[in-house]
Amino acid sequence: MAELPKRYDPPSVEPKWYRRWMENRDFVANPNSAKPAFSIVMPPPNITGVLTLGHVLNDTIQDILARRARMLGFEVLWLPGMDHAGIGTQTAVEKHLRRTEDKTRHDLGREEFLRRVLEWQDKHGGIIIEQLQRLGCSCDWSRQRYTLDDDYVAAVQNVFADLYRKGLIYRGRRMINWDPATQTALSDEEVISKPQKGNLYFVRYEIVEEPGRFLEIATTRPETIMADTGMAFHPGDKRYADLLGKHAWRPLAREKIPIIADEAIDPEFGTGVLKVTPAHDTVDFEIGQRHGLPVVDVIHPDGRINCPAVPELDGLDRFEAREKAAQLLQARGALAKTEPYENNVGFSDRSDVPIEPRISEQWFLHYPKTKEALAVVREHLIRFFPPHWEKVYAQWLENIRDWCISRQVWWGHRIPAWYRKSQTVEARVSSANQGNAVDTAATTEKEDIRVQIESPGDGWVQDPDTLDTWFSSWLWAYETMDEQTRKKFYPTSALVTAPDIIFFWVARMIIAGLEFKPGKSDSVEDNIAFGDVYFTGLIRDRLGRKMSKSLGNSPDPLELIEKYGADGLRFGLMRIAPRGQDIRFDEKQIEEGRNFATKLWNVARFRQMHGPSEAAPKMDNQTLSIYALELLARLNETIDAVEAAYREYQFNAVAQRLYDFIWSDYCDWFVEAAKPEIFGEDEMKKKSALAVMDFVLSATLRLLHPFMPHVTEELWFLLGLGSASIQFAPPPEKAALDGVSDLTGKRELVSAIYQTIQAGRNLRAESKLPSNRKIWFILRTDNKLILNYISTLARLLNAQQVEVDPKYQAQAGNPVAVTPLGEIFLTVAAADRAGEKQRLEKEIAKLETEVRAAEAKLENKSFIDRAPSTVVEEHRRRLKDFSEQLAKLKQARESLN
RNA sequence: GCGCGGUUAGCUCAGUGGUAGAGCACUACCUUGACACGGUAGGGGUCAGAGGUUCGAACCCUCUAUCGCGCACCA
């Protein structure tokens, strides 16, 4: 067998294996399999998206779960796909259109524009799939889905029609969140409130019935004064009680407006008087409804002012108009004062511009099954990891409001609603432009609506709008599966996602599952969408900022793969991904992942240099060295710890345990301790050590495979640890150590030997002797057994000789350390006598404090009475050890004099 | 305003009642027959602060500070 290269070379290993796995159809799920099912649906990335670190984190976790399940003997389906991302994709194409052709989508028309989007999709779409493959994701690509696949589209439309029939979807003129940049309605979830610095304008309105008397209000939005249709104060507010029923002059677009009283007004805020602007504020709209105030809309869909009555403002952008309106009021003496003010303003999640509350005719969904959705999580039919997300989820469901599902966007699922006369559609569009005095009732004129996929016939016009992208994603957990697949793999086993889409996606998928019941039976258990939901953390940069394109602080995962390998990236990221906590990304951590892959590679290389491995190594408990027993015992502990960490989705703990076991227990201690046997003459001992290596390498490669699929497969193959792919190798069994006599005693001996080695190395360093200088040690001990372990001691101490002398008389200048095996002396003429004395004094002082502390503890009656006996024993032993060490050190100090 | 999460070594983070840990960075030594993407040793922390519970608190309770997130309010 050719010698392995010195370093793991990802480019020559990783793509090779991925190709082979694909050729073997290793990721393809068989719905007819007799094995139990394990399934995950991938949160679909945007069709034109590229791989981000967020995806890497997310999809690595999913891959770990999928690969582990395969090894555990499950039939695994990891179903990938992509999302059409309505607003996002459309906006990208529009931007491109503006830049390259200086055109808007309206210039092209709907049909041509959609053709362009498809072109864009074909050119930029699907890149992420290749990138996920480079990462090593074991998805069943034969089942890849897209939210705009024909049957998926049909399913979405059928769901719409079904909910319409049930009366849960309705069309209505209501206050919605309007995004003036993308010019579409948004759901409440797509609005993010941010504090904004602005002004509070105090404006005086003259009382019609009492000329010369003024009513003062405070507003942040003077540009909407023309839309005021009332003035309101709190009914209990005595300051204004006499004005009730009177009128005020609106200072811009001068008109009489009524003065009313309403409970919604906070008498403490501003002057205690509110200008009521029903068209442009949610609360005002409700007040208007209660008091029958007219609704006057003075803002165009694009955010410009629509008010011919005030030519100075008409056509201005809303923010320019705000300043201009203040100037106008000032000029007319209506502006009492202006104060700087900070308030929260809703911003569009999509375009990052302030939302305009606006009355508009839209489609809404009254959520079904909210109580049931709450119950399945509360009763842990669906388990959240970490569990504190349950509370966030519950809070949302308990305060849920109807979902505005229509979007004034062309790219997406067209709403399957048809209207009899084209004029009704025109009426909708023009209503927004009509400006003043739009009566809410005006557009609810007689119109025939049919909700169905096909056109009902001539004279019917389809609704121009599309559905919120999430209205298609909420069916993702099962509409991505054909009937046969669904029968085997639904409900899915786990969902892995970022917590920022808990409402957008997770909650809605749970609701959809409960409402549409795609499962085998109608029972809740068969329709819960997924068993476990694991919420990842958000990846931030080193300064704790969110990764974003504009900040340029988002590293390209493909460059990282290039530099460190997919396995290095995966492992590095997993090791620092704390459960449900945000993650501060530092490339150093990926470097560590790469270094770990190299370490693994090299220790396998070391094994391979000593002949072929055994796939089923025979270990004889009688011939195993004590170091091997210690290692195997630790391997067993590691297997248990890994198992426990998986149960709690603590991937960082799994990674850390494996890292420590391989690097420290295996490489640093066992391999070094076994070298005398490996390079020795005794064939039995050598064979035994190599068998242990085979056993442990086989086990750790399998444990590591879900995290580092490529390098483990390569080594599995190169070492010949299995005839088939590691992907389907069963999880490692624990070493059978039950028959080993006095295992505890032997482990204690190993621990004592290792501690002695560390003490000896410390003496060398303290004595300023270079690492490569061969030196002599003397071990003063009565333990005759130790003679059997001298070769290991000597090798690990890099000593020319380690001499055991129970009666050794320390010479002046001998550095000494007390160890569980006895005292170890460094014999060298050059050792500095004064320095050694100083070192001893320091150590004695330290030990004296320890002894005092331990004594105090044991004199404490409460401690003796109440602490568990094992703890008390521990303290007793500690005191004894410390006292003995102290005595020996003091003796050593004497001998120095 | 309500709720959630964080605050542990210079940095990134583990640690959920019994002598404070890892990696990186730092210091010293070392290319020793797997690995310098390495080895060995070392320095460095009143565990945000204050109270409380306990024989014993980084860990449990209360309050405070501070950072972040969600929801509500937002004239």
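So you know, we letter chains A, B, ... as the sequences are listed, proteins then strands, and number each from 1.
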message = Classify A:Q758 by what it touches in the nucleic acid, base, sugar-phosphate, or nothing, heavy-atom distance under 4.0 Å.
response = sugar-phosphate
message = Of the listed nucleotides (B:C35, B:A41, B:A25), which one gets closest to any side-chain atom of A:K588?
response = B:A25
request  = Just say parallel, tilted or perpendicular for the rings of A:Y627 and A:Y754, cut-offs at 30° and 60°.
outcome  = parallel
A:K675 or A:D284, whichever maps to the more 5' nucleotide of RNA chain B = A:K675
key: Rounded distance (Å) that lies between atom P of B:G38 and atom CG of A:N798   = 20 Å
key: B:A14 - base-pair partner by Watson-Crick or wobble geometry, distances under 3.5 Å   = none
task = Just call it for A:I217: base, sugar-phosphate, or nothing, with non-hydrogen atoms closer than 4.0 Å on any strand.
result = nothing
query = Mind checking the C1' distance from B:U19 to B:A58? Whole angstroms is fine.
reply = 14 Å
B:C71 - base-pair partner by Watson-Crick or wobble geometry, distances under 3.5 Å = B:G1
ask   = Looking at the side chain of A:H388, which of B:C4, B:G23, B:G70 is the nearest nucleotide?
value = B:C4
ask   = Counting only side-chain N and O atoms of A:Q395, is one of them less than 4.0 Å from OP1 or OP2 of B:C2?
value = no
ask   = If you look at every strand shown and take non-hydrogen atoms under 4.0 Å, does A:P868 touch a base, only sugar-phosphate, or nothing?
value = base
key: From B:C71, B:U40, B:G18, nucleotide with atom closest to A:A867 side chain   = B:G18
message = Output the rounded distance in Å from CD (A:Q589) to C1' (B:C37).
response = 16 Å
key: Nearest to side-chain heavy atoms of A:F863, which nucleotide of B:U40, B:G18, B:G68   = B:G18
Side-chain donor/acceptor of A:K599 to base of B:C35, under 3.5 Å = yes
query = Considering only B:C30, B:A34, B:U12, which nucleotide approaches the side chain of A:R584 most closely?
reply = B:U12
task = Remember a base hit wins even if backbone is also touched, and classify A:L538 as base, sugar-phosphate or nothing at under 4.0 Å, heavy atoms.
result = nothing
key: Atom-pair distance (CD on A:E587; C1' on B:A25), nearest Å   = 16 Å
ask   = Can A:R877 and A:E874 be counted as an ion pair, charged N to O under 4.0 angstrom?
value = yes
query = Given atom CD1 of A:I192 and atom C1' of B:C71, what is their separation to the nearest angstrom?
reply = 14 Å
ask   = Given the rule in the side-chain contact (heavy atoms from CB on, under 4.5 Å) test, do A:F269 and A:L274 qualify, once you have shown the distances and angles that lead to the verdict?
value = CA-CA 9 Å; A:F269 187 92; A:L274 174 74; over 6 Å; no
message = Considering every strand and a 4.0 Å limit on heavy-atom distances, what is the contact class for A:Y8: base, sugar-phosphate, or nothing?
response = nothing
request  = Would you mind classifying the nucleic acid contact of A:T277 as base, sugar-phosphate or nothing, using non-hydrogen atoms under 4.0 angstrom?
outcome  = nothing
ask   = Is there a Watson-Crick or G-U wobble partner for B:G43 with both distances under 3.5 Å, and which nucleotide is it?
value = none
inquiry  = Tell me whether the rings of A:F596 and A:Y659 are parallel (<30°), tilted (30 to 60°) or perpendicular (>60°).
reply    = tilted
inquiry  = Strictly below 4.0 Å: does A:W663 bring a side-chain N or O up to OP1 or OP2 of B:G39?
reply    = yes
message = Measure CG/A:N602 against P/B:G39 and give the value in whole Å, please.
response = 10 Å
inquiry  = Counting the atoms with a prime plus P, OP1 and OP2 as sugar-phosphate, which does A:R795 contact under 4.0 Å by heavy atoms, base, sugar-phosphate, or nothing?
reply    = base
query = What integer number of Å spans the P atoms of B:C60 and B:C47?
reply = 15 Å
task = Using the C1' atom as the reference point in each nucleotide, state the distance between B:C67 and B:C74 in Å, no decimals.
result = 24 Å
message = Would you measure the distance from the P atom in B:A48 across to the matching atom in B:G6 and give it in whole Å?
response = 12 Å
task = Return the value, rounded to whole Å, for the distance between atom CG of A:D881 and atom P of B:U19.
result = 15 Å
message = Heavy atoms from C-beta onward define the side chain here; which of B:C35, B:G68, B:A41 lies closest to that of A:E672?
response = B:C35
task = Quick one: label A:T219 by what it contacts on the DNA or RNA (base, sugar-phosphate, nothing), any heavy atom closer than 4.0 Å.
result = sugar-phosphate
No-H, no-angle donor-acceptor pair, A:N344 side chain to B:C73 base, under 3.5 Å = yes
ask   = Parallel, tilted or perpendicular: which describes the rings of A:F651 and A:Y646, with under 30° parallel and over 60° perpendicular?
value = perpendicular
task = Give a yes or no on whether a salt bridge exists between A:R878 and A:E850, defined as a side-chain N under 4.0 angstrom from a carboxylate O.
result = no
Interatomic distance at P, B:U53 relative to B:U62, whole Å = 15 Å
inquiry  = Could you check whether A:R318 pairs with A:E356 (Lys NZ or Arg NE/NH1/NH2 to Asp/Glu carboxylate O, under 4.0 Å)?
reply    = yes
query = Which part of the nucleic acid, if any, lies within contact of A:K857, taking any heavy atom under 4.0 Å across all strands shown: a base, the sugar-phosphate backbone alone, or nothing?
reply = base
inquiry  = Need one value for A:D281: base, sugar-phosphate or nothing, where a base atom within 4.0 Å counts as base even if backbone is also close, heavy atoms only.
reply    = sugar-phosphate
request  = For B:A50 versus B:G10, give the span between their C1' atoms, rounded off to a whole number of Å.
outcome  = 27 Å
remark   = Checking B:G42, B:C29, B:U31 against the side chain of A:P770 (C-beta onward), the nearest is B:C29
query = Looking only at atom C1', what distance separates B:G15 and B:A20, rounded to whole Å?
reply = 9 Å
note = In this structure, NZ of A:K857 is separated from CD1 of A:I864 (nearest 0.5 Å) by 9.5 Å
side-chain contact (heavy atoms from CB on, under 4.5 Å), paired with A:P278, selected from A:D228, A:T229, A:V283 = A:T229
inquiry  = Without decimals, in angstroms, what is the distance between A:D668 CG and B:U40 C1'?
reply    = 10 Å
message = Just N and O in the side chain of A:R401: are any of them under 4.0 Å from OP1 or OP2 of B:A72?
response = yes
query = Has A:N595 got a side-chain N or O lying under 4.0 Å from the OP1 or OP2 atom of B:G38?
reply = yes
Residue whose closest nucleotide on RNA chain B lies nearer the 5' end, A:E189 versus A:P267 = A:E189
message = Students often mix this up, so state it plainly: with edges at 30° and 60°, are the rings of A:F679 and A:F606 parallel, tilted or perpendicular?
response = perpendicular
message = If I pick the C1' atom on B:G44 and the same atom on B:A28, what distance separates them, to the nearest angstrom?
response = 15 Å
task = Tell whether A:R878 reaches the base of B:G18 with its side chain through a donor-acceptor pair below 3.5 angstrom.
result = no
task = Give one of base, sugar-phosphate or nothing for A:R764, where a contact means two heavy atoms less than 4.0 Å apart.
result = nothing
task = Find the partner of B:C63: check Watson-Crick (N1-N3 plus N6-O4 or O6-N4) and G-U wobble (N1-O2, O6-N3) distances, both under 3.5 Å, and reply none if neither fits.
result = B:G49
ask   = How is A:V276 classified with respect to the nucleic acid when contacts are heavy atoms under 4.0 Å: base, sugar-phosphate, or nothing?
value = nothing
Whole-Å gap separating P (B:G18) and CG (A:N860) = 17 Å
task = Indicate, yes or no, whether a donor-acceptor pair under 3.5 Å links the base of B:A28 to the side chain of A:E766.
result = no
Touch class at under 4.0 angstrom, heavy-atom based, for A:R594 against every strand present = base
